[in-house]
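Quick notes on the structure that follows.
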Amino acid sequence: MKFSNEDVLEILRLLDATKYDELHLETERFNLTLRRNRDSGDWSQETKALSAPNVLHASLGVPSGVISAAPAAPAASPDSGKAGLIEIRAHLPGTFYRASKPGAPPFVEIGSSVEEDTVVGIIETMKLMNPVHAPERGEIAEICCDNAQFTEKDAVLMRIKPGPA
Amino acid sequence: MILRRILIANRGEFAVRVIRTCQRLGIETVLASSEADLDSTAARLADSTICIGPANSSASYLNIGAVVAAAVVSKSDAIHPGYGFLSENPKLAAACDRAGICFIGPTVKQLDAVGNKLKARAHAAAAGLVSVPGGEVLSLDEAHRLADQIGWPILIKAVGGGGGQGMKQVHDTGNLAAAMEMATAEAQASFGDPRLYIERYISHGRHIEVQVLGDGENVIHLGTRDCSIQRRYQKLVEEAPAPNINEALREEMHRAAIAFAQHLNYRGLGTVEFLVDCDRDAFYFLEMNARIQVEHPVTEAICGLDLVQEQILVAEGGKLRYAQRDMKCAGHAIECRINAEDWVHDFRPSPGTVTRAVFPVGQGIRVDTHIQAGATVSPYYDSLLGKLIVHGVDRAEAVHKMRRALSNFEITGVATNLRMHAELMRHDEFAHGGVDTAFLYRFLQSGNREAA
């Protein structure tokens with residue numbers, strides 16, 4: 001038997017007529033908590049599916065695609081950078097792109113001069129393109145992340161040598 | 001043919017929603033999942049799960065070969081493509097036909113007829129519908145001539161696009177050349193088709209759509225939905241029926257949607273989208289979506305139908321179970337899309353791990369979601385966490401119910417747009433009903449928040 005939202009509503013109808021404000025139900029497959037707000041009388045629920053996924057181990061006979069390379073990891077500590085260089089870190093996890101679209105020239109190369117707020121790359125997160133900005137004026141000294149590589153939040157993407165270009 | 005096992009080629013809240021209907025109907029479910037979703041709520045609820053590739057959608061959820069192979073290996077009778085991903089891709093429908101698997105959706109020909117926006121406009125004309133004034137432009141000269149003829153401002157759109165992607169607004173003749181050049185390059189890069197068309201830009205418009213259901217012979221409509229509350233062409237709140245419209249206009253839209261679907265001998269569930277010009281009290285055909293939509297629950301609430309079940313019945317070759325006169329809509333329904341977006345910081349996406357998820361429950365309240373405590377909100381996919389749908393006897397009751405339901409909704413661990421919905425529901429213009437597509441921008445501006 002599967003447990004449905006109609007079942008929850010039915011339990012609620014029974015509960016509504018009682019003095020109880022809370023119900024916990026736990027089986028091997030799921031748990032459910034129903035709670036009545038004493039002020040408003042409104043009910044809310046917390047529920048969790050507990051069954052382990054039943055994953056079929058079948059070969060699809062098709063190339064499984066390119067397994068993405070290990071994500072660029074956040075640097076161990078803030079001072080692990082090179083002396084005198086400023087790090088540009090990922091403000092979001094996602095896929096890092098060095099150009100505005102495939103085939104377009106990269107935003108910056110090593111040696112490019114940047115101003116504060118110059119766009120140096122894009123991170124695609126949840127289907128949205130988020131620009132990565134240079135934190136201050138300077139020159140790109142290092143590029144630490146490949147194009148189209150997945151990066152964790154706070155991973156070092158580039159390093160800038162600060163100062164007037 | 002009776003379907004006994006369905007492969008779900010989708011993820012997130014929609015995969016969970018299909019599983020619920022299949023459980024009720026006694027149909028087995030196989031979830032086609034990327035590596036990133038093998039531990040998801042949908043994977044826990046499905047009868048079985050099969051991995052179709054890595055997290056990146058292009059290698060998994062968009063991989064036709066892997067999806068069809070998963071259906072064959074799992075001995076599924078049918079594929080439900082959901083919305084987004086491959087749902088409107090005629091190549092998946094054709095591959096299903098070749099593999100002897102039932103595609104839960106329209107025919108290859110119908111997908112093709114509405115997928116190309118110029119073809120869709122031509123079919124609309126043949127069915128007697130009026131599209132937004134405009135047409136294909138093959139050169140800058142032609143674009144100038146057509147824009148002068150239909151009137152400025154205009155919108156440049158990609159023939160292969162849709163859903164607002166790649167659109168450009170141009171206000172005067174001086175900016176046309178640069179916008180055309182950029183739009184051509186983007187259309188080529190995004191859709192593999194550089195062709196463009198232009199349309200008159202309707203500044204005071206409402207996005208109203210009509211749900212249709214066909215069995216290849218007969219078509220019925222299931223009323224209107226208003227989806228005018230959008231940010232960057234992404235819908236945030238939808239309601240059914242569309243409030244505050246002239247009833248004669250509503251009837252005309254119903255008739256137009258049916259005429260269009262009849263013209264295609266449409267089979268399956270589909271949505272005919274219209275733009276209503278509030279200044280002229282006229283409506284124009286925009287496009288047809290040949291799939292189920294995110295906002296289908298508001299229609300289900302007022303019609304009392306399970307639209308996934310209707311999709312399955314029609315895909316099995318069944319005839320429509322209802323004539324138009326049997327369809328009775330009751331009350332008013334509103335849906336809020338709850339996204340993992342930090343709305344006070346320009347809607348910044350907020351992937352992460354959900355620590356707590358509490359949802360309202362009660363009569364006339366529905367939550368469609370894949371989120372539970374411990375769930376991962378992956379950076380690889382869109383930010384939809386779930387949908388809160390309420391149904392009231394009238395719009396005022398629905399708005400009231402939504403306000404209360406939102407106050408009992410809590411997700412922690414990732415940022416959400418819940419507060420935005422709470423403020424929207426208290427806004428006078430929204431409470432009055434019938435706002436235009438520019439409303440949300442004004443609403444966001446007025447709160448001094450960074451808007452689109």
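Chain A is the first sequence line, chain B the second, and so forth, proteins listed ahead of strands; every chain is numbered from 1.
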Heavy-atom proximity to chain B below 4.5 Å, by part of A/Leu50: backbone

Chain A contact via B/Arg366 - side chain, backbone, both or neither, heavy atoms under 4.5 Å: neither

Proximal component of A/Thr47, with respect to chain B [non-hydrogen, under 4.5 Å]: backbone

B/Ala340 portion near chain A, given a 4.5 angstrom heavy-atom threshold: both

Toward chain A, the part of B/Arg348 with a non-hydrogen atom under 4.5 Å: side chain

If you tally heavy-atom pairs under 4.5 Å between each of A/Glu46, A/Lys127, A/Glu124, A/Glu6 and chain B, the highest tally belongs to A/Glu46

Engaged part of B/Ala357 at the chain A interface, taking heavy atoms whose separation is under 4.5 Å: backbone

What is the distance from atom CH2 of A/Trp43 to atom CG of B/Asn408, rounded to the nearest 0.5 Å? 12.0 Å

Of the backbone (N, CA, C, O) and the side chain (C-beta and beyond), which part of B/Ser378 lies under 4.5 Å from a heavy atom of chain A, both, or neither? backbone

What residue, out of B/Ala373, B/Gly362, B/Ser57, B/Pro351, has the most heavy-atom pairs lying under 4.5 Å from chain A? B/Pro351

Is there a donor-acceptor contact under 3.5 Å from the side chain of B/Gln372 to the main chain of A/Ala49? yes

If I compare all heavy atoms of A/Leu92 with all of B/Pro349, which pair ends up nearest, and what's the gap? CD2-O, 3.4 Å

Does any heavy atom of chain B fall under 4.5 Å from the side chain of A/Val55, the backbone, both, or neither of them? both

Segment of B/Asn339 engaging chain A (4.5 angstrom heavy-atom cut-off): neither

Under 4.5 Å from any heavy atom of chain A, what part of B/Tyr381 do you find: side chain, backbone, both or neither? backbone

Counting only heavy atoms from other residues, nucleotides and ligands, does the tally under 6.0 Å from CD of A/Glu28 exceed 12? no

Keeping B/Arg44 on the side-chain end and A/Ser51 on the backbone end, is there a donor-acceptor pair under 3.5 Å? yes

Heavy-atom distance under 4.5 Å between the side chains of A/Ser44 and B/Pro360, does that happen here? no

Closest approach of B/Pro379 to A/Pro93 (non-hydrogen atoms, all atoms of both residues): CB-O, 3.8 Å

Closest non-hydrogen atom pair, A/Val8 against B/Val361: CG1-CG2, 3.7 Å

Just verifying a value: how many Å separate A/Asn5 CG and B/Asp368 CG, rounded to the nearest 0.5 Å? 9.0 Å

Inspect the surroundings of CD in B/Glu181 and state if more than 12 heavy atoms from other residues, nucleotides or ligands are less than 6.0 Å away. no

If you measure from OG1 on B/Thr41 to CZ on A/Phe30, what distance do you get to the nearest 0.5 Å? 14.5 Å

Go through the atoms of B/Ser350 and report whether side chain, backbone, both or neither lie under 4.5 Å from a heavy atom of chain A. backbone

Portion of B/Glu410 that has a non-hydrogen atom of chain A nearer than 4.5 angstrom: neither

Which portion of A/Ser40 sits near chain B, non-hydrogen atoms under 4.5 angstrom: both

Measure the spacing between CG of A/Asn54 and OG1 of B/Thr49 and express it to the nearest 0.5 Å. 7.0 Å

Quick one: does any side-chain atom of B/Asp382 pair with a main-chain N or O of A/Met126 as donor and acceptor, under 3.5 Å? no

Best-contacting candidate, A/Leu56, A/Asp16, A/Thr95, A/Leu128, against chain B by heavy atom pairs under 4.5 angstrom: A/Leu56

Output for pair (A/Ser4 OG, B/Gln23 CD), nearest 0.5 Å, gives 9.0 Å

Chain A: which of B/Ser48, B/Ser40, B/Ser407, B/Gly352 shares the most heavy-atom pairs with it under 4.5 Å? B/Ser48

